[in-house]
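Have a look at the structure below, then the notes.
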Amino acid sequence: MMNKHLPGAASTPRSGAHGAKPLAMVEAGKRVRLKAIQSGRELQARLAAMGLTPGIEIEVIRNQSGGPCIVAVRGSRIMLGRGMAHGIIVG
Amino acid sequence: MTRKRIVVALAGNPNSGKSTIFNDLTGAHQHVGNYPGVTVEKKEGACRHDGREITVVDLPGTYSLSAYSIEELVARNVIIDEKPDVVVDIVDASNLERNLYLAVQIMELGVPLVLAFNMSDVARARGIEFDLEKLSRFLGAPIVPTVGHKGKGTKELLDAVVAAATRKTAQDMPNIDYGREVEEEILKIAAALQTEASSADARHVRWLAVKLLEGDKNVREKVSRTVQEITEKSESHLAKIFGDPAEIIITDRRYGFISGACQEAVRSTVEARHTMSDRIDAVATSRVLGLPIFLGLMYLVFHLTFTLGDPPMGWIEKFFGWLGGVLETWWPKGSESILKSLLVDGIIGGVGGVIVFLPNILLLFLAIAILEDSGYMARAAFIMDRLMHKIGLHGKSFIPMLLGFGCSVPAIMATRTLENQRDRLTTMLVTPLISCGARLPIYALIIPAFFPGRLHAPMLWTIYIIGIVLAIVSAKVLRTTIFRGESTPFVMELPPYRIPTLKGILLHMWERGWLYLKKAGTVILGISILLWGMTNFPKKQTFDRDYETQTRQAEAACLDDVRGLNSKFGLATGSDILVRAIQAELDMAAEQKKHHETEPGFAEAAKRKDAAIEALGRQDGGDRLMKFLEVRQAIRDARAAFDGAVLEKKLVEGTPGYFAARSGCDAALANLQKAEPEVYAAAIRYLDNIRSSFEGAAEDVAKARQAEELAYTISGRIGHALEPILKPLGFDWKIGTALIGAFAAKEVFVAQMGIVYSVGEADEKSEALREKLKADYSPLIAFCIMLFCLTSAPCMATIAITRRESNSWGWALFQLGALTVLAYVLTLCVFQLGSILGIG
Ligand SMILES: Nc1nc2c(ncn2[C@@H]2O[C@H](COP(=O)(O)OP(=O)(O)O)[C@@H](O)[C@H]2O)c(=O)[nH]1
Ligand SMILES: [Mg+2]
């Protein structure tokens, strides 16, 4: 049930081939799957508590360059700061 | 069994309706405070049910019970340490999966749990159906559907609470199965914990083990080195197997448990929770319209707060003025009673000065409550985030800073909407740099005195801009020094838009307004009394100059001039009847100063004067004297009629109405002049030269006396003592003394300068005061005064509220110190540089 990527595989530069990219680069309206959160444990835990866990499907509602972005996850709307949107890898 | 008090803790996600249910349960029986040592608000209330006393503790709204935020830690510690009889988790039933994450964590703690499925109306409207019995079995807790704002289900919720609290045997709480690999590690850690701890029960030990695996710092600090080592080994073991840190796996399994339960017990037609909200957001957060809508709403908030609040502020001011007037009549007029001064100037002045802001504050919090409860506040944060991010703060910090233009006190209170401690403190500390409304009178006094008309507006703007720039720079500096740390990542839920309930917003408003009155009120009362004492004591007994003689000299000079009038309208040059008549008038005025108008002494003095003048009228030349007095009275009446009309009808120069009144007055005067040209000329000379210059002289003497008294008091002495420090800024002791007054409230600066400069009734329009200032200071110093007032020590109300809101004198004093030092250094640089460059 945990289709987890191995650490090495996720960070290969060629991961773009599988469509893995930071959330910040996904246009509004797209549905993507969360692959990994590149941040400290603290932040991972906070995001997880709000429903953002690896494997979950998220929809990007709003994503403007320079500003925060809004995603729909597990039935709620979450706003993520720009920095964080860069650390969330989706595919 | 003893029927002891039941203690209930309310937990729940933000926006799940926790406050609504708390208010519904406890009504007016609430107590708001702070958890010791942190800025997290602590609310407690009480209610009765089935004859049982129930205490309800409102925990901070959280998504989880990890130790990553103060709110979560507080919530968790209350549950673990204070051991409430029952924990009620308010769950947003229309967003079940995410909300149950917290419920599952409370379940793991093994405390008696009751779930309130709030927003059940919304859930039903969305076509979500629950098999409550099955869900209840999965989660090991009774479930009660509620509709918070309608009060539905409250009774059933309390029934469940009482039942859970009185149940004899502990309920069989299910455990989450974390999978073979993780469970093995949990067992290892639990075994190690068990050998060390003697009394801990199995469930708690398991919880500790899970928390250790999750990397919980708070728990880790409390266990032995051996347990820590075992945990580390387990962690790296799990990381090797799964390729992810243990806490990710644990979180994932929890959500897995929840989805499993929901799949079996929840049927949902479609996910439609946000359709309406999303449609509003398509406009409200759009790139083009988002900012204009936000600015429009902010303008409205401002308008509400500082315009609608004006009339009630006037009423309150009038009320305190009236109250002071009433109290004053308790003492003989002109009495120097210390008690009277304390009551009228110290207490009524100080407390009134605080309460007068109450309408503003209530309206402000009304507006904020509407924005918050409707869900718009989160959108505002979204819109402003881009800009605020540049200074290391989040979008949410913008709202308090904006309110700072009105008054720092409500602005600092508005930082409560910031959940992050570092953001909150940073915002709190820099907000006083935003130039508040009370500082405007200072600029209004100084700018016209020193700068030509075309520079007035640019000067005022410069000062405001300097304030904004300083706030931005200070925020940035604070964020890179004291409040360093990775810029707290911005994550926030956008709750669906809801129509706020009247009860909800009124309660919100009142709660905060009351806090302001109660806490800030007591502190401010204390400080007002202190400042009153400082500007009144010690009392000077013997004066350097003989003011009485000076007053008498002025009077003698006046009478001399009056004697000179004799020959002008047909009195014998040596006649003293006019002089005696004027003397009688002056005596009456002096006597009347000692009495209230209602006292017999007041009327008696008038009677004595009338008798004296009547007697003089019978003497030689008496008819001329009476003529003089008659014409003088007629001139006074004509002028008073004109002034009265202007005041009453608010006539403005240049309008036809004003012109008509003016010509009416002129015609009356011309008639008088035609009838008795000599007497008229003498009366005019008396009124416009002799009398007015005497009054001016008497006033100067009185104010000089006041100034001497002030210099003798503690605040005067401090002003003098500060002089060497203030000299490099171009300030003298007078400014120093006024700055102490400004600490009480910024607008006091102007009044205090008036006293120091011996100018009667100083306000920001005072030309006399401006003249004196111009004579003493250069434009450079004037600018430095404004700069210093803008930046320096915020007023005591701000300090008091910072103390309250940060829950620490440390931060309040830090704010006081840091801003004063900043003001000093900045003003020093400007003045010294300006002096070197020869500006001013
Ligand atoms: N439709 C609906 N709205 C509710 C219910 N309970 C609370 N609300 C509204 O939800 C909003 C947020 O509630 P609040 O108590 O402030 O949430 P908190 O953040 O958990 O304290 C308010 O506008 C409430 O009026 C409910 O059962 N149904
Ligand atoms: Mg609330």
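Lettering of chains follows the sequences in order, A, B, ..., and the numbering in each one begins at 1.
When the side-chain hydrogen bond (donor to acceptor under 3.5 Å, both in side chains) test is applied to B:D216, the partners found at least two apart in sequence or on another chain are B:R76. The side-chain hydrogen bond (donor to acceptor under 3.5 Å, both in side chains) check on B:T285 picks up A:R62, with sequence neighbours excluded.
Ion pair A:R77/B:D278 flagged as a salt bridge, since at least one NZ, NE, NH1 or NH2 atom sits closer than 4.0 Å to an Asp/Glu carboxylate oxygen.
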side-chain contact (heavy atoms from CB on, under 4.5 Å) assessment of B:E493 paired with A:M79: CA-CA 6 Å; B:E493 189 182 358; A:M79 165 170 35; over 6 Å; no

Residue pair A:I78, B:R98: steps toward the side-chain contact (heavy atoms from CB on, under 4.5 Å) verdict: CA-CA 12 Å; A:I78 310 275; B:R98 220 275 318 284; 4.3 Å; yes

Test log, rule side-chain contact (heavy atoms from CB on, under 4.5 Å), inputs B:V491 and A:L47: CA-CA 8 Å; B:V491 198; A:L47 290 174; 3.6 Å; yes

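Contacts of B:D281 with chain A are made by backbone atoms alone, with heavy-atom separations under 4.5 Å and no side-chain atom involved. Heavy atoms of B:E214 lying under 4.5 Å from chain A belong exclusively to its backbone. Interface residue B:Y101: only side-chain heavy atoms are found under 4.5 Å from chain A. Contact annotation for A:I56: neither backbone nor side-chain heavy atoms come within less than 4.5 Å of a heavy atom of chain B. Using a 4.5 Å cut-off between heavy atoms, A:M84 touches chain B through its side chain atoms alone.
To the nearest 0.5 angstrom, A:L80 atom CG is 10.5 Å from B:D385 atom CG. Going from atom CD1 of B:I250 over to atom OG1 of A:T53 covers 14.0 Å, rounded to the nearest 0.5 Å. With values rounded to the nearest 0.5 angstrom, B:F382 atom CZ is found 8.0 Å from A:C69 atom SG.
The shortest non-hydrogen separation linking B:Y255 to A:M50 is OH-C, 3.9 Å. The shortest non-hydrogen separation linking A:P54 to B:D252 is O-OD1, 3.7 Å.
Proximity of A:I70 to B:L494: side-chain heavy atoms (C-beta onward) are separated by under 4.5 Å at one or more points.
The neighbour count for B:R220 CZ, taken as heavy atoms of other residues, nucleotides or ligands under 6.0 Å away, is above 12.
Put simply, of B:S286, B:S66, B:P245, B:A381, the one with the most heavy-atom pairs under 4.5 Å next to chain A is B:S286.
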